[in-house]
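All remarks here apply to the structure that follows.
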There are 2 protein chains.
Amino acid sequence: MSQPTGPSPGEQRSPFRTLHLELSSTVDRVADELRRAVFDGELESGTPLREVALAESLGVSRPTVREALGILVAEGLAVREPNRGVAISTPEGDSVRDICRARWVLEGAGVRRWPDADETLRDAVRTSLVAYTSAVRSGASYQELNERHLAFHVSLVGLTGSPRLVAMADSLMVELKLALAQVDRIRRNAHDQADSHTALVMLLERGDVTGAADFLERHLADAEASILDALRLD
Amino acid sequence: MSQPTGPSPGEQRSPFRTLHLELSSTVDRVADELRRAVFDGELESGTPLREVALAESLGVSRPTVREALGILVAEGLAVREPNRGVAISTPEGDSVRDICRARWVLEGAGVRRWPDADETLRDAVRTSLVAYTSAVRSGASYQELNERHLAFHVSLVGLTGSPRLVAMADSLMVELKLALAQVDRIRRNAHDQADSHTALVMLLERGDVTGAADFLERHLADAEASILDALRLD
DNA sequence: ATTGCTTGATTGTCAGACAATCTGACATGG
DNA sequence: CCATGTCAGATTGTCTGACAATCAAGCAAT
């Protein structure tokens with residue numbers, strides 16, 4: 001035995017554990033580019049995504065574009081009507097309400113598990129909070145503020161310790177970003193919510209879980225009302 | 001105005017409201033067939049899904065198969081390793097635990113909303129319960145019992161009134177069905193859980209929401225232990 | 001005003017092809 | 001014996017080109 005510390009073949013015990021190689025397919029890069037364009041407001045809600053036009057524009061073939069569009073549709077960023085192609089989703093009032101309701105279920109579950117959660121998960125919440133607040137103070141770009149803000153909320157779901165719930169929260173945030181991109185097209189009012197979030201974490205650190213849950217519920221309700229108001233949807 | 005009752009062009013007021021035409025693409029049919037084969041145990045966990053072989057077998061082209069495989073992967077039923085193709089997922093112990101934890105979050109949220117839920121949603125729970133119990137009494141097939149059983153649990157999530165949470169629950173059930181299909185390959189022990197479910201609904205009808213929630217938590221914990229035991233995973 | 005036809009555009013699906021990559025076996029050299 | 005280099009086969013990732021089905025719009029006809 002030349003490797004006394006790694007007898008099991010499945011688990012490599014080597015000095016290269018920290019190395020990673022980002023191998024991305026063309027399809028993934030196309031999907032990323034489309035997402036970026038949507039979130040940056042370059043593609044308005046309802047815009048049809050023609051396969052041939054995109055293929056020529058991006059310098060890839062039509063099947064590749066088609067597969068990328070399938071990903072966007074699966075994520076809810078776009079909708080496909082049979083034989084009519086796919087178009088950027090238009091966030092309805094019902095969608096926003098539904099997303100916020102689902103957020104409350106997921107994030108509330110995370111907050112309630114704060115006392116029992118692993119220390120590393122609680123630390124993830126703290127670090128995402130400081131990442132957000134420091135971005136606010138340093139006057140980061142609007143896109144980045146949104147990103148950090150939503151990342152904080154996802155880290156709350158992370159308290160459940162469930163990768164699947166986090167994935168669901170991520171998917172909700174993607175849809176939310178779509179709605180926000182439509183709002184920001186009109187008026188970019190990323191009002192500072194750092195204080196609110198800091199207060200939430202302080203309640204948690206103090207052990208007041210139910211207080212934090214109530215606070216979160218109000219916070220999410222406010223966010224919903226704010227988005228609906230900005231979208232001018234009843 | 002020749003249509004005084006339907007002035008808005010988006011809402012058709014015609015006598016054909018009940019008609020529906022199921023238009024399904026080839027890709028969807030391929031995906032359905034693959035799902036069926038997995039759930040029926042024809043495809044063992046870990047089986048590689050070769051694109052050319054499937055295309056010839058099903059009489060469709062490779063891009064069509066490829067797109068269907070993408071759907072399966074997005075659902076979590078299969079995994080894709082770059083340049084190595086996709087294979088049926090193998091349910092790990094961690095996956096089962098995670099699925100059950102996520103189930104508890106979603107279904108618990110539904111149960112807690114029973115008092116405030118719309119009457120039609122509560123009725124959906126009742127009807128799915130009788131659909132399950134009657135299937136049990138009539139000695140329905142194993143597949144159908146599973147289907148009804150999981151449909152009842154999804155109907156609990158439906159109490160939240162959130163389509164997205166229901167979709168998430170559906171996705172969890174699909175993964176659960178995959179794990180159960182592996183179990184049933186060995187021993188088909190769909191032990192009768194109708195009594196347990198009936199007791200849960202009776203607690204709800206009585207207005208004992210917290211009691212129902214506790215009952216559900218135990219029920220889900222038992223289910224998790226049972227599946228893990230059957231899979232012989234620690 | 002409704003129906004029917006025609007044209008152009010777009011998607012859904014197919015067939016064939018090629019390069020890149022993985023697997024496994026084999027050969028080579030220390 | 002072990003590590004490395006090499007090769008053939010298999011499979012995927014992607015491209016090209018093509019065709020039928022469907023849709024939208026415009027126009028003609030009843």
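Residue numbers begin at 1 in each chain, while the letters A, B, ... track the order of the sequences.
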Mind running side-chain hydrogen bond (donor to acceptor under 3.5 Å, both in side chains) on S45(A) and T90(A) for me, showing each step along the way?
CA-CA 5 Å; S45(A) 153; T90(A) 64; 4.6 Å; no

Strictly below 4.0 Å, N to O, side chains only: are E75(A) and R35(A) in salt-bridge contact?
yes

Between dT16(D) (P) and R62(B) (CZ): distance, integer Å:
16 Å

Show me the dot-bracket string of DNA chain C, counting Watson-Crick or G-U pairs under 3.5 Å, with | for pairs to another strand and [ ] for crossing ones.
||||||||||||||||||||||||||||||

In terms of relative ring orientation, are H197(B) and Y132(B) parallel, tilted or perpendicular, with 30° and 60° separating the classes?
tilted

Rounded to the Å, how far apart are N83(B) CG and dG13(D) P?
6 Å

With a 4.5 Å heavy-atom cut-off, do E92(A) and S95(A) have their side chains touching?
yes

Note: contacts of residues 48-61 of chain A with DNA chain D (heavy atom, under 4.0 Å) are V60(A), S61(A)

So, does D98(B) use its side chain to make a donor-acceptor pair with the main chain of R164(A) at under 3.5 Å?
yes

Answer yes when D32(A) and R29(A) have at least one side-chain N-carboxylate O distance shorter than 4.0 Å, and no when they do not.
no

Do any N or O atoms from the side chain of S138(A) and from the backbone of S134(A) form a donor-acceptor pair under 3.5 angstrom?
yes

Side-chain N or O of T26(A) less than 4.0 angstrom from OP1 or OP2 on dG13(D)?
no

With DNA chain C as reference, determine whether R84(A) or P63(A) sits nearer its 5' end, using the nearest nucleotide of each.
R84(A)

Taking any atom under 4.0 angstrom from a heavy atom of chain A, which nucleotides of DNA chain C are the first and last to qualify, 5' to 3'?
dT10(C) to dT13(C)

Distance (rounded to the nearest 0.5 Å) between I71(A) CD1 and R66(A) CZ:
13.0 Å

Here the distance between atom P of dT14(D) and atom CD of E67(A), to the nearest Å, is 7 Å

Would you say the side-chain atoms of S141(B) pair up with the backbone N or O of E144(B), donor to acceptor, closer than 3.5 Å?
yes

Looking at S162(A), is its backbone amide N or carbonyl O close enough to the side chain of T160(A) to form a donor-acceptor pair, meaning the two atoms are under 3.5 Å apart?
yes

Using a strict cut-off of less than 4.0 Å between a Lys/Arg side-chain nitrogen and an Asp/Glu carboxylate oxygen, indicate whether R101(A) and E224(A) qualify as a salt bridge.
no

